[in-house]
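First comes the structure, then the notes that go with it.
When a ligand or atom number is given, it counts from 1 through the structure's own listing order.
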Amino acid sequence: MADQTPTRVNRNRRIILFPLPYQGHINPMLQLANILYSKGFSITIFHTNFNAPNTSNYPHFTFKFILDNDPNDQRYCNLPLTGMASFDRIFVFNDHGADSLRHELDLEISKKDEPPVSCLITDALWYFTQSVADSVNLPRLVLRTSSLFCFLVYSSMPILHDRGYLGLANDNTTVKQVLAEFPVLKVKDIMKMGFKSSTDAIGGVLNNMVKQTKASSGIIWNSFKELEETEFEMVVRDIKAPSFLIPFPKHFTGSSSSLIEQDRTFFPWLDQQPPNSVVYVSFGSTTNVDEKDFLEIAHGLVDSGQPFLWVVRPGYVNGSTWIEPLTDGLVGKNSRIVKWTPQQEVLAHKAIGAFWTHNGWNSTLESVCEGVPMILSPFFGDQALNARYMSDVLKVGVYLGNVWHKEDIANAIRRIMVDNEGEEIRERAKVIKQKLDVSLIKGGSSYESLESLVSYVSSL
Ligand code: UDP
């Protein structure tokens with residue numbers, strides 16, 4: 001990991017960070033907060049009570065819980081705590097959160113006994129915060145927790161809508177058609193993102209996200225220039241707000257902000273496995289499968305003949321608490337199923353030979369950071385774009401998708417773990433990791449990007 005020694009320790013400037021309260025968004029925001037703290041800034045975190053991280057892991061930050069404090073406020077406090085409906089908070093808080101946030105920011109700005117606030121950094125999906133920050137004259141920077149490529153696709157949503165690519169039926173013959181604007185994508189990738197129009201509820205959120213990100217005072221990306229060279233050039237050319245590309249996992253892990261308890265009991269077993277022999281399987285914090293597909297995945301893993309470490313989140317299998325549908329003895333001594341892991345530590349382990357992933361951006365980038373080749377099974381949203389980019393642009397993974405058949409699964413694992421094809425994919429993953437490591441050295445793109453972010457924020 002990069003040097004984490006504070007370079008300015010007087011902490012005479014303060015930054016307020018406000019993550020979206022979901023695992024894939026909390027982790028990168030708190031990694032960024034740790035990076036900025038290591039550069040000498042004082043840190044205040046605004047957070048909802050919903051999905052609050054364990055604050056005792058961050059004694060160096062000040063936490064302030066906002067928006068859903070009042071149990072009688074029907075707008076915020078009756079929302080589902082789990083499942084896809086828990087994401088309704090994105091709509092509700094964006095629609096109703098402005099006055100409350102303005103009040104909290106006014107309080108922070110007027111504090112005389114704390115360092116002055118330089119800026120607010122919010123998740124890009126908190127688009128309501130731009131006008132609030134403007135109204136209190138506080139610069140707002142955005143943390144975009146997915147790739148530059150994904151942002152460019154979202155920016156083009158109105159065009160893709162006009163061309164009729166959104167909302168096509170599954171059996172439509174155009175699904176294999178390549179998109180003129182993004183030749184690496186097929187219509188089916190756009191369909192997989194899961195919204196039917198650029199003006200439906202999700203399309204509306206994404207349009208607002210794009211608009212208010214472009215209107216911000218700066219964009220921080222959890223990425224690096226060498227990973228998305230072409231997209232970086234396009235973003236710099238087309239967006240006025242300055243961009244800063246920082247690969248967070250190379251500075252801090254997301255472990256301290258885990259919302260689920262991490263199992264570590266499998267490490268002695270993992271330590272005994274030969275190098276590059278184990279397939280690590282995790283589909284992130286939000287996906288679900290039906291029992292039939294779960295069993296197909298289990299059989300595919302067993303039939304591949306490779307040892308595996310499989311994360312099955314409680315509630316991942318629809319209708320089950322955990323792994324009850326599995327018959328005893330199916331998963332032999334050679335493999336492990338766990339509820340949650342310290343994922344970056346697992347990916348950095350020498351025994352891990354491949355990562356079968358849903359391609360959430362954090363998981364994707366964590367794999368890239370450790371040079372681990374991937375088996376790509378995107379479920380929805382930006383995962384479809386991340387997977388396509390990894391398989392067809394960078395060629396560091398085998399695209400499997402999520403139509404679950406045990407033969408295809410065992411086959412994909414063998415292709416990446418055993419075949420010559422896997423050797424080439426592994427080599428490319430290693431080369432990208434080497435480029436990343438070089439980018440972190442003084443004079444390298446990631447190093448310089450972080451330095452410019454620090455100077456920029458200090459100058460605000
Ligand atoms: N994660 C983890 N342990 C696990 C599985 C996932 O710590 O067993 C972390 C992972 O390292 C990543 C985050 O959870 O930082 C998931 O974010 P991602 O963007 O990959 O997917 P999401 O959960 O948002 O779909």
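- Contacts with ligand 1 closer than 4.0 Å are made by heavy atoms of both the backbone and the side chain of N362.
- Considering backbone and side-chain N/O of Q262, none are found under 3.5 Å from N/O of ligand 1.
- Less than 4.0 angstrom separates some heavy atom of W361 from each of these atoms of ligand 1: 19 (O).
- Taking a 4.0 Å cut-off on heavy atoms, Q344 fails to register as neighbouring ligand 1.
- Shown here is E261, whose CD atom has no more than 12 heavy atoms of other residues, nucleotides or ligands within 6.0 Å.
- At a heavy-atom cutoff of 4.0 Å, ligand 1 is contacted by the side chain of N27 but not by its backbone.
- Looking only at protein heavy atoms, the nearest one to atom 24 (O) of ligand 1 is G24 CA, 3.4 Å.
- Ligand 1 has no atom lying under 4.0 Å from any heavy atom of W310.
- Compare S367, S363, G254 by their heavy atoms: the one nearest to atom 20 (O) of ligand 1 is in S363.
- When each atom of ligand 1 is checked for a heavy atom of Q23 under 4.0 Å away, the hits are 14 (O).
- Counting atoms of ligand 1 from 1 in the listed order, those under 4.0 Å from a heavy atom of G360 are 18 (P), 19 (O), 20 (O), 21 (O).
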Could you list the donor-acceptor pairs under 3.5 angstrom formed between side-chain atoms of residues 296-314 and any protein atom two or more places apart in sequence or on another chain?
residue	atom	partner	partner atom	Å
E296	OE2	K406	N	3.0
S304	OG	L301	O	2.7
S304	OG	Q306	N	3.2
Q306	NE2	S277	O	2.9
R313	NE	S285	O	3.4
R313	NH1	G284	O	3.0
R313	NH1	T287	O	3.0
R313	NH2	T287	O	3.0

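- With sequence neighbours excluded, the residues satisfying side chain to side chain donor-acceptor pair (under 3.5 Å) with N69 are N49.
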Step-by-step side chain to side chain donor-acceptor pair (under 3.5 Å) determination, S223 to E228:
CA-CA 8 Å; S223 188; E228 305 187 81; 2.7 Å; yes
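- Taking distance alone, with nitrogen or oxygen atoms compared against 3.5 Å, S282 stays at or beyond that limit from ligand 1.
- Those atoms of ligand 1 that come under 4.0 Å of a heavy atom in G284, given as number and element, are 23 (O).
- Put simply, CD on Q31 and CD on Q344 are 5.5 Å apart, with the number rounded to the nearest 0.5 Å.
- Both the sub-6.0 Å distance and the 45° axial angle are satisfied by R89 relative to the ring of F50.
- For the ligand labelled ligand 1, residue S258 lies outside the 4.0 Å heavy-atom shell.
- Comparing heavy-atom distances from atom 11 (O) of ligand 1 across K339, E366, R313, H25 singles out E366 as nearest.
- When hydrogens are left out, the protein atom nearest atom 7 (O) of ligand 1 is T341 O, 3.3 Å; that is the closest non-hydrogen contact.
- Taking the side chain as every heavy atom from C-beta outward, L394 and Y389 approach each other to under 4.5 Å.
- Residues F128 and W126 bring their aromatic ring centres within 6.0 Å.
- Taking 4.5 Å as the limit, some side-chain heavy atom of F93 sits within range of a side-chain heavy atom of T48.
- Environment of NZ in K64: crowded, with over 12 heavy atoms of neighbouring residues, nucleotides or ligands closer than 6.0 Å.
- Near T286, the atoms of ligand 1 lying under 4.0 angstrom from a non-hydrogen atom of the residue are 25 (O).
- Using a cut-off of 4.0 Å between Lys/Arg side-chain N and Asp/Glu carboxylate O, D437 and K250 are scored as salt-bridged.
- Residue Y280 has at least one heavy-atom neighbour below 4.0 Å for each of these atoms of ligand 1: 4 (C), 8 (O).
- Here the side chains of L385 and F182 are not in contact, with every heavy-atom distance at 4.5 Å or above.
- If you look at Q343 next to ligand 1, the close heavy atoms, those under 4.0 Å, come from the backbone and the side chain alike.
- Using cut-offs of 30° and 60° on the angle between ring planes, the pair F379 and F283 is tilted.
- Residue contacts with ligand 1 for W340 involve both N, CA, C or O and side-chain atoms from C-beta outward (heavy atoms, distance under 4.0 Å).
- At least one heavy atom of H358 sits less than 4.0 Å from an atom of ligand 1.
- For F380, no heavy-atom contact with ligand 1 is shorter than 4.0 Å.
- Geometrically, ligand 1 and T364 share no nitrogen or oxygen pair separated by less than 3.5 Å.
- With hydrogens left out, the protein atom closest to atom 23 (O) of ligand 1 is S285 OG, 2.4 Å, a heavy atom.
- Against a heavy-atom cut-off of under 4.0 Å, V311 is close to the following atoms of ligand 1: 8 (O).
- Environment of NZ in K435: sparse, with no more than 12 heavy atoms of neighbouring residues, nucleotides or ligands closer than 6.0 Å.
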